[in-house]
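Per chain, numbering begins at 1; letters A, B, ... match sequence-line order. Note that the structure is predicted; figures quoted are calculated from it, not measured.
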2 protein chains.
Amino acid sequence: MTTSRQPVMRLLDLLGRRWTLRVLWELRDGPLTFRALREACGGVSPSVLNARVAELREAGVLEDAAEGYALSARGRELGELLLPLDAWARRWARRSSG
Amino acid sequence: MTTSRQPVMRLLDLLGRRWTLRVLWELRDGPLTFRALREACGGVSPSVLNARVAELREAGVLEDAAEGYALSARGRELGELLLPLDAWARRWARRSSG
DNA sequence: TCGGTCGCTACGAAAACCGTAGCGCGAGAT
DNA sequence: ATCTCGCGCTACGGTTTTCGTAGCGACCGA
């Protein structure tokens, strides 16, 4: 009840690792190669990126594609759940400045 | 254009730190004291929890309350955006097992 | 064969995180 | 006034994660 045995907490733990959310976000609108993904994420170190990719792949969220890496069907679903964060973040950016 | 100058990427960076999402999640249904929050998060070390709390406080997502820490109005909005993750995670948990 | 790009690994330095102990403070009881 | 208790939070040493850079082997077009 308190532990991460609940699915959502496992998910929160997975997403709460550096670059994971960002990778998901960048892959939302189409596949990217390893290097392109790396640059899209502002130049993460390849070791970390590879670790994240492996985790997401094992989680069934990301999969290999001809064009590089792509979100799976499940991953696309998850990506869409992340979408409203954009609107929220825009409103959020207008804090303490008016 | 590529960097985290875009609001959503700042947000993704904020949320992509260990325990941040979890803290948000645990605070969704009511305020918690520091120690209660700590236990709800499976016993995070207080130094890290304090850092996360400070970050979220500065971001205007979390605020001090009589009962401990509580989500701000904005924070509650963000918390609701996280809500569908629960349903997704449940479906996700039924992978590779049926 | 050569140049270019691909996914990915190696490895030392730096930063983040963990676990435990405990401080200073305010409230309630004696 | 003192004692006690739980509170938010800090200190600190050890472990893990992340970073930054360099580069390997494979593939492909010229």
Side-chain angles (χ1 to χ4, degrees), chain A residues 2-6 9-72 75, chain B residues 2-5 8-72 75:
Chain A
T2 61
T3 65
S4 59
R5 247 173 304 181
Q6 277 175 264
M9 301 199 174
R10 292 198 149 278
L11 176 62
L12 259 31
D13 181 53
L14 179 68
L15 298 181
R17 289 153 135 104
R18 208 153 264 167
W19 300 114
T20 306
L21 281 171
R22 178 71 174 265
V23 163
L24 240 59
W25 185 264
E26 298 295 345
L27 247 32
R28 255 186 13 204
D29 37 40
L32 288 175
T33 67
F34 187 88
R35 281 164 136 97
L37 183 54
R38 182 164 138 72
E39 291 199 9
C41 292
V44 220
S45 43
S47 39
V48 178
L49 180 57
N50 189 41
R52 293 299 163 271
V53 162
E55 289 164 7
L56 290 173
R57 191 158 34 191
E58 195 192 356
V61 168
L62 178 154
E63 58 195 10
D64 294 2
E67 312 89 346
Y69 297 130
L71 295 182
S72 67
Chain B
T2 59
T3 65
S4 58
R5 244 166 315 175
V8 67
M9 300 200 176
R10 291 197 149 279
L11 176 61
L12 260 31
D13 180 53
L14 180 68
L15 298 181
R17 290 155 137 103
R18 209 154 264 168
W19 300 114
T20 306
L21 281 171
R22 180 69 176 265
V23 163
L24 240 59
W25 185 264
E26 297 295 345
L27 246 32
R28 253 181 350 134
D29 37 39
L32 287 175
T33 67
F34 186 88
R35 281 165 135 96
L37 183 54
R38 182 164 137 71
E39 291 199 10
C41 292
V44 219
S45 46
S47 39
V48 179
L49 180 57
N50 188 42
R52 292 302 163 269
V53 162
E55 290 164 7
L56 291 173
R57 191 158 36 190
E58 195 192 356
V61 168
L62 177 153
E63 59 195 9
D64 294 1
E67 312 90 345
Y69 296 131
L71 294 183
S72 68

Quiz item: Can you tell me how far P of C:dG19 sits from CG of B:Leu49, to the nearest Å?
Solution: 13 Å
Quiz item: Whole Å only: how far is the CG atom of A:Asn50 from the C1' atom of D:dG20?
Solution: 16 Å
Quiz item: Are A:Glu55 and A:Arg17 ion-paired here, with the side-chain N under 4.0 Å from a carboxylate O?
Solution: yes
Quiz prompt | Whole-Å gap separating P (D:dG6) and CZ (B:Phe34) | solution = 17 Å
Practice problem: Looking at every strand, decide which applies to B:Thr33 at a 4.0 Å heavy-atom threshold: base, sugar-phosphate, or nothing. | Solution: sugar-phosphate
Quiz prompt | B:Arg52 side-chain proximity, nearest of C:dC17, D:dA22, C:dG7 | solution = C:dC17
Practice problem: Without swapping roles, check the side chain of B:Arg22 against the backbone of B:Ala40 for a donor-acceptor pair under 3.5 Å. | Solution: yes
Quiz item: Any N or O donor-acceptor pair linking the side chain of B:Arg35 to the base of D:dG8 at under 3.5 Å?
Solution: yes
Quiz item: With the threshold set at 4.0 Å, does a side-chain nitrogen-carboxylate oxygen contact exist between A:Arg18 and B:Asp13?
Solution: no
Self-check item: Integer-rounded Å distance: C:dA15 P and A:Arg18 CZ
Solution: 12 Å
Quiz item: Just how far, in rounded Å, is C1' of D:dG8 from CG of B:Leu32?
Solution: 14 Å
Quiz item: Would you say D:dT17 has OP1 or OP2 under 4.0 Å from some side-chain N or O of A:Trp19?
Solution: no
Quiz item: Has A:Arg17 got a side-chain N or O lying under 4.0 Å from the OP1 or OP2 atom of D:dT18?
Solution: no
Self-check item: Selected nucleotide, minimal atom distance to A:Val44 side chain, candidates C:dT20, D:dC19, C:dC18
Solution: D:dC19
Quiz item: Can you check whether A:Leu21 reaches B:Leu21 side chain to side chain, under 4.5 Å on heavy atoms?
Solution: yes
Quiz item: Is the shortest heavy-atom distance from the side chain of A:Leu49 to the side chain of A:Ser45 under 4.5 Å?
Solution: no
Quiz item: Between A:Leu56 (CG) and C:dG7 (P), how many Å, whole number?
Solution: 16 Å
Exercise. Would you indicate which nucleotide in C:dC18, D:dC19, D:dT21 comes nearest to any side-chain atom of A:Pro46?
Key: D:dT21
Quiz item: Starting at CZ of B:Arg38 and ending at P of C:dA21, how long is that distance when rounded to a whole Å?
Solution: 12 Å
